[in-house]
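Written out below as structure tokens is the structure these notes cover.
The residues of the chain are indexed from 1 along the displayed sequence. These numbers were taken from a predicted model, which means no experiment stands behind them.
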Amino acid sequence: MRRTRILTAVLALAAGLLAGTPPALAADSTAKVSLAADTYTWKNARIDGGGFVPGIVFNRSEKNLAYARTDIGGAYRWQQSSKTWTPLLDSVGWDDWGHTGVVSLASDAVDPNKVYAAVGTYTNSWDPKNGAVMRSSNRGASWQKTDLPFKLGGNMPGRGMGERLAVDPNKNSVLYLGAPSGKGLWRSTDSGVSWSQVANFPNVGNYQQDPSDTSGYASDNQGIVWVTFDESTGTSGNATKTVYVGVADLQNSVYRSTDAGATWTRLAGQPTGHLAHKGVLDAAGGYLYLSYSDKGGPYDGGKGQVWRYTTATGTWTNISPVAEADTYYGFSGLTVDRQKPGTVMATAYSSWWPDTQIFRSTDSGATWTRAWDYTSYPNRANRYTMDVSSSPWLTWGANPSPPEQTPKLGWMTASLEIDPFDSNRMMYGTGATLYGTENLTNWDSGGQFTIKPMVQGLEETAVNDLASPPSGAPLLSALGDVGGFRHTDLTKVPSMMFTSPNFTTTTSLDFAETNANTVVRVGNLDSGPHIAFSTDNGANWFAGTDPSGVSGGGTVAAASDGSRFVWSPAGAGVQYTTGFGSSWSASSGIPAGAIVESDRVDAKTFYGFKSGKFYVSTDGGATFTASAATGLPSGDSVRFKALPGVKGDVWLAGGTTDGAYGLWHSTDGGASWTKLSNVDQADAIGFGKAATGASYQTLYTSAKIGGVRGIFRSTDKGATWTRINDDAHQWGWTGAAITGDPRVYGRVYVSTNGRGVIYGDTSDTSGGGGTDPTDPTDPTDPTDPTPTGACAVTYKITNQWSGGFQADVQLSNTGSSAWTGWSLGWAFPNAQTISQTWNAESAQSGSTVTAKNLGWNANVAAGSSVSFGFTGSWSGTNGKPTAFKLGDQACTVA
């Protein structure tokens, strides 16, 4: 199965919803919006991985400091204490959604607090914005950004090559960035604040995966693909003299400067006919190692080589682990053991069948051994064991015949890194996860080393649809690349994705509202059926039968009682069936490609939408009639849902910036619609358990309301709205799907395009609604007096490094009355200094700190809490404060 990471959600938004940068819209003066009336806790519904990890970067001067980059899901930092990954780019907002694609990372060896990310998802028209270089001085806890005059392609062909971004190991104010699309080599001399093109660099690259591709995706020039410094040619504070640069050019792949970038020349004697995917320098041994492929990757290599360049003499040596004639793959992943010069490893990145291969040499490439060998074909002997018990779905539920095994050692293995401080630890990325080992040197002694997923916290699925049934599993997900899951416990990795059949991508799913055991899903598959059914709430599945012409999943709807289904597949018109799809009949009166949904009460009523028209069927999907309603969005960037428990109650979200865009409500089955005047734009709509005392279910939407983009909740049928996320939790594009939980008030499940399924829980146990910040009686008005009363504080240092730290503070209202504003004070015991605060406004005088509410988190109900965080500096000791005061009231310290 090829997991290419060009996902339907990306293409859909690129084609319509985000075809351009939205213009600024004036806030509706009638909107009643609180930018947050309570505190939400956000987590991932655990899947662990699920996408391609093209880059892993270890810091060369500080132990246990490592980063991983993903093609569409942001960047992560390794947490050694928990052996998990912390997401670093959740603050990327809707308008900058492309900046969740990370084409390169660089960790500063001179100042390990500094980290850089080159971001941008596509170089063609799919991403309307240019790329950027993001820089952080606190290991990614917060970022500053410099926009570039060209695009970057974190999800483009060649994304496994690199790293394109590099920090000078001797003079860390100097950085280089290799650009795609013929934009050349760029340099910064002020720590990434500003960038200029290296005008005299002689080659901008010329390799295109497919020059005939008119979309601009495969036809883009892959450009400058890596930068490597020879740290031995510089001294502290002075620019490194020798710099190597890799170029996507089959005949001219490697260039060098020996005067700190003043002049550049093609490296003489280099091999031709291949692209150098990586250039890794072992300064101690005096070698530059290079992994070559005839293609740019990350999944299309045909032939490959590995070479060694002796830096002192200019001698090239072919050290390929196997003869090129015997390769059917390219080499990409490449690493050296910094503790043991002469130890080098490489990957056969594009070997899908029977498995990837990893090669290891302990004599600078003179001889090699393999991760696995044939004994007598098709039997093989592995130097490793694999333990995927923490992510059991990595077996894909497969039972292959030898020499194929499950779980696979991997595929798309473009990244491979030995920990520079620990010869036993190695990590490598695949198209589905990040694997690692902590006893790698067993390889050399003849024993077996153990490979396990090292991916917890790194969530990289693209979400196409979500459903939260009233009984059974709390969540069902439809995902790109890995199909989807039945989530019985949000805090645990599901045992298996949907199988029988395994869709490469699930495009839509639904359940019968009054019989939640009946579930249907549709999706994409290279060969085989595109629809599957379950009669046990998604635990087990069986395939349906495709109507003629079906080429993809499309959308599907289940009748409220599960007696029938309506399917709008790709490649064929809308179809309906009774039973479980053993035969299908064409629906009339509705165009092909329409989005379909079901009424959640009347089992014979189904709805459809296409190109501005709403369609209704009252005979189980056999015939549809177009509604006379006008004014709905003219395009197809629309999602709509019918409310459970009320016949004919339908909500529709969607549109484009150059036409109708917003949220509409119908109470007569789509015959007429009312556009909510207090919603500027909306892209997904969902329902959850009603608030205490409310007669209508809670609404959730990914929308722009009051001029602000976010995730919003309404407990009063859309009359007022509360923004429940904040600027630190935005996750790029969240428009594919959203749903509340019918069993847990306040819980919402949010789709992302690369950060997996996010779910939020509220601290507002009272179930209150939104409020108007312009209303003088609004309890969230930050000018209201600071409260007094019983309080409790939890102060937690969440991360600490040399000279810096990050902390979270939770302030709880343990009294009997609500607060309408708060101000918390404390004194640092060791002269610590706050550098940046989020979810609060802070001031510091000497050791004394005061943190006050923002406008959106002033209201704290009795029994509820509010949280904020900050980064700071410390020296010598970083003790925790021992006393906190809310105004004049001392708080209990937990």
Side-chain angles (χ1 to χ4, degrees), residues 1-5 46-54 56 68 70 83 85 160 298-299 329 333 345 347-360 370-375 378-416 425-440 442-443 448-461 479-486 492-505 526 756:
M1 287 177 233
R2 294 178 55 149
R3 317 230 175 264
T4 65
R5 308 297 295 157
R46 278 188 66 188
I47 295 167
D48 288 12
F52 181 36
V53 180
I56 301 165
T70 70
K83 295 187 177 180
W85 295 93
Y299 40 77
Y329 45 77
M345 298 179 70
T347 66
Y349 75 93
S350 59
S351 176
W352 165 253
W353 190 93
D355 210 339
T356 198
Q357 184 61 275
I358 301 176
F359 302 91
R360 180 175 171 89
R370 311 180 192 206
W372 59 271
D373 289 285
Y374 287 115
T375 52
N379 300 311
R380 53 188 260 197
N382 298 334
R383 294 180 185 271
Y384 62 89
T385 61
M386 294 196 76
D387 176 4
V388 297
S389 56
S390 64
S391 300
W393 59 265
L394 285 167
T395 67
W396 253 265
N399 186 28
S401 299
E404 196 171 12
Q405 297 179 352
T406 189
K408 283 183 176 292
L409 184 60
W411 185 56
M412 295 171 65
T413 50
S415 57
L416 173 81
R425 180 158 68 179
M426 179 264 287
M427 297 181 184
Y428 67 98
T430 76
T433 192
L434 190 155
Y435 281 120
T437 181
E438 294 181 316
N439 60 346
L440 177 62
N442 283 4
W443 183 317
Q448 286 188 313
F449 60 98
T450 301
I451 294 174
K452 297 181 179 181
M454 284 189 178
V455 73
Q456 185 175 344
L458 193 159
E459 297 284 347
E460 205 207 343
T461 50
L479 306 177
D481 289 354
V482 293
F485 294 88
R486 181 177 188 257
K492 297 179 180 178
V493 178
S495 60
M496 191 54 58
M497 71 274 285
F498 299 140
T499 60
S500 301
N502 294 63
F503 297 146
T504 52
T505 289
D526 291 340

Quiz item: Around Asn379, counting heavy atoms of other residues, nucleotides and ligands shown, do more than 12 lie under 6.0 Å from its CG?
Solution: yes
Quiz item: Listed by chain and number, what are the side-chain hydrogen bond (donor to acceptor under 3.5 Å, both in side chains) partners of Lys83, not counting sequence neighbours?
Solution: Glu438
Quiz item: Taking only residues two or more places apart in sequence or in another chain, which ones pass side-chain hydrogen bond (donor to acceptor under 3.5 Å, both in side chains) with Lys408?
Solution: Glu404
Quiz item: Please walk me through it: do Leu479 and Met497 pass side-chain contact (heavy atoms from CB on, under 4.5 Å)?
Solution: CA-CA 10 Å; Leu479 306 177; Met497 71 274 285; over 6 Å; no
Where is the tightest heavy-atom contact between [X] and [Y], given as atom of each residue plus distance?
X	Y	value
Pro298	Tyr349	O-CD1, 3.2 Å
Ile56	Gly429	CD1-N, 3.8 Å
Pro400	Gln405	CG-C, 3.8 Å
Ala398	Thr406	O-CG2, 3.4 Å
Leu409	Ala371	CD2-CB, 4.0 Å
Arg486	Pro494	O-CB, 4.0 Å

Quiz item: Any donor and acceptor pair, going by atom type alone, linking the side chain of Asn442 with main-chain N or O of Gln448 inside 3.5 Å?
Solution: yes
Self-check item: Check: Thr461 main-chain N/O paired with Asp481 side-chain donor or acceptor under 3.5 Å
Solution: no
Measuring from atom [atom1] of [X] to atom [atom2] of [Y], what distance do you get when rounded to the nearest 0.5 angstrom?
X	Y	atom1	atom2	answer
Gln357	Thr413	CD	OG1	9.5 Å
Glu459	Arg46	CD	CZ	7.5 Å
Thr437	Met386	OG1	CE	10.0 Å
Tyr428	Met412	OH	CE	14.0 Å
Asp48	Leu434	CG	CG	11.0 Å
Met426	Trp443	CE	CH2	6.5 Å

Practice problem: Quick one: do Val53 and Met427 satisfy side-chain contact (heavy atoms from CB on, under 4.5 Å)? Show the steps, please. | Solution: CA-CA 11 Å; Val53 180; Met427 297 181 184; over 6 Å; no
With a 4.5 Å cut-off on side-chain heavy atoms, are [Y] and [X] touching?
X	Y	answer
Trp411	Thr430	no
Ile47	Val493	no
Asp355	Arg380	yes

Practice problem: Check ring pair (Phe, Tyr, Trp, His ring centres under 6.0 Å) between Tyr384 and all other residues, then give those that pass, not counting sequence neighbours. | Solution: none
Quiz prompt | ring pair (Phe, Tyr, Trp, His ring centres under 6.0 Å) involving Trp393 - partner list, sequence neighbours excluded | solution = Trp396, Phe485
Self-check item: Parallel, tilted or perpendicular: ring planes of Tyr329 versus Phe359, cut at 30 and 60 degrees
Solution: tilted
Quiz prompt | For Pro453, side chain to side chain contact (heavy atoms under 4.5 Å, CB included) partners two or more places apart | solution = Val388, Ser390, Ser391, Leu394, Thr433, Tyr435, Val455
Quiz item: In chain order, what residues pass the salt bridge (Lys or Arg N to Asp or Glu O under 4.0 Å) check against Arg425, with sequence neighbours excluded?
Solution: Asp419
